[in-house]
Amino acid sequence: MILTEKENSILKDLQTQEKVCMDHYNLCANTAKDGCLKDLFTQIAKDEQEHYQSLGKLINGEMPSFNTSTSKADSYHPKAAYNASANQADKQHDALLCSDSIGNEKMVSSDYNTSLFQFGSGEVRKLLNRIQTEEQEHAEMIYKYKQANGMA
Ligand SMILES: [Fe+2]
Ligand SMILES: [Fe+2]
C-alpha cells in the first residue's frame, strides 16, 4: 500500500500518541491501589500496544488484520472493590486515575475521528474507525468500573 507523505505523517503522530497511552496505562497499572483496576489498566495497555503495532505496519506499507465485531466493553462486568468501609484515600486515588484515563480516551478518540477523514484508502479508514471504537470501549470499561465502585 502506498501512502502519501501527509498520510504517513498523520500515522506517525497517532503512533506517538499510542505510545503515550501505553505508558500512561502501564503507570496507572503500577500505581492503582485495587487489584481489579490494575488488571483492567494492564489489559488496556496491551490494546494500546496493539494499536501502536498496527499503525507501525501501516507506516511500513502493510495492511494489518483487525477484528471488527467483538466489544470488550460488553463483556466487562466489574464487581465492587470499594465498599463503605474501604480506605477512602485509596478510593480517591483510583477514582482520579480513572477520570484522567477517560479524559485521555475522549481526546484520542476524537483525534482518530478527525484523522480518518484525511485518508484515501477505505481500508485504512476502517482500521482507524476500529481503533477509535476501541478507545471508546476503553473509556466505557473504566466508566463501568467507576460506576460499580460508587465513583461515577
Ligand atoms: Fe489506542
Ligand atoms: Fe485507549
Side-chain angles (χ1 to χ4, degrees), residues 1 3-4 6-79 81-82 91-149 151-152:
M1 176 183 308
L3 296 165
T4 66
K6 187 181 169 194
E7 289 172 331
N8 250 315
S9 115
I10 294 171
L11 291 175
K12 282 189 182 134
D13 284 349
L14 290 170
Q15 206 194 22
T16 303
Q17 200 170 45
E18 288 295 349
K19 172 84 172 69
V20 174
C21 291
M22 208 168 84
D23 292 346
H24 166 86
Y25 282 115
N26 282 324
L27 187 72
C28 285
N30 286 336
T31 58
K33 307 288 183 189
D34 168 37
C36 299
L37 188 59
K38 275 181 189 290
D39 291 346
L40 177 62
F41 285 146
T42 304
Q43 187 196 326
I44 298 177
K46 280 189 194 136
D47 282 354
E48 308 300 12
Q49 191 180 359
E50 277 177 27
H51 294 166
Y52 180 89
Q53 288 164 345
S54 294
L55 295 172
K57 279 192 181 164
L58 272 185
I59 291 166
N60 291 327
E62 248 178 275
M63 187 65 211
S65 58
F66 59 99
N67 190 332
T68 51
S69 53
T70 53
S71 161
K72 285 174 184 163
D74 283 352
S75 53
Y76 179 64
H77 304 291
K79 300 224 165 41
Y82 288 105
K91 181 176 170 175
Q92 266 177 21
H93 172 92
D94 281 359
L96 182 66
L97 294 183
C98 288
S99 302
D100 204 33
S101 301
I102 290 172
N104 283 337
E105 291 293 352
K106 215 167 161 178
M107 192 191 75
V108 173
S109 159
S110 104
D111 267 0
Y112 274 101
N113 187 43
T114 308
S115 297
L116 77 76
F117 283 90
Q118 310 289 323
F119 284 83
S121 153
E123 278 307 293
V124 175
R125 285 180 182 232
K126 281 194 195 78
L127 172 71
L128 298 181
N129 178 263
R130 177 62 208 168
I131 296 178
Q132 185 192 348
T133 300
E134 288 183 4
E135 309 302 8
Q136 288 165 5
E137 287 170 6
H138 294 159
E140 189 182 344
M141 286 190 280
I142 299 166
Y143 180 79
K144 279 182 165 181
Y145 177 89
K146 285 182 77 181
Q147 239 182 353
N149 286 284
M151 296 167 172

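Scope of the values below: all heavy atoms of this structure, side chains included, with no hydrogens, waters or symmetry mates. Indexing begins at 1, ligand by ligand and atom by atom, following the structure's order. On a predicted model such as this, the values are computed, not experimentally measured, just so you know.
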Q: Report the C-alpha separation of Glu48 and Lys19 in whole Å, then their side-chain angles, then the decisive distance to 0.1 Å, and conclude whether the side chain to side chain contact (heavy atoms under 4.5 Å, CB included) test is met.
A: CA-CA 7 Å; Glu48 308 300 12; Lys19 172 84 172 69; over 6 Å; no
Q: Could you walk me through whether Arg130 and Glu134 pass salt bridge (charged side-chain N to carboxylate O under 4.0 Å, His left out), step by step?
A: CA-CA 6 Å; Arg130 177 62 208 168; Glu134 288 183 4; 3.2 Å; yes
Q: Mind telling me whether His138 and Tyr25 have parallel, tilted or perpendicular rings, with 30° and 60° as the class edges?
A: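 The rings of Tyr25 and His138 stand perpendicular, inter-plane angle above 60°.
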Q.
Would Lys91 and Asp34 count as a salt bridge (charged side-chain N to carboxylate O under 4.0 Å, His left out) here? Give the steps.
A. CA-CA 8 Å; Lys91 181 176 170 175; Asp34 168 37; over 6 Å; no
Would you give me the side-chain donor-acceptor pairs under 3.5 Å for residues 55-66, sequence neighbours excluded?
unit_1, atom_1, unit_2, atom_2, d
Asn60, ND2, Gly56, O, 3.3

Q.
Just to be sure I understand the site: which N, O or S atoms from the protein are less than 2.8 Å away from the Fe ion (ligand 2)?
A.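 You should have found Glu48 OE2, Glu105 OE1, Glu105 OE2, Glu135 OE1, His138 ND1.
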Q.
Measuring from atom CG of Leu97 to atom NZ of Lys38, what distance do you get when rounded to the nearest 0.5 angstrom?
A.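 Result: 9.5 Å between the selected atoms.
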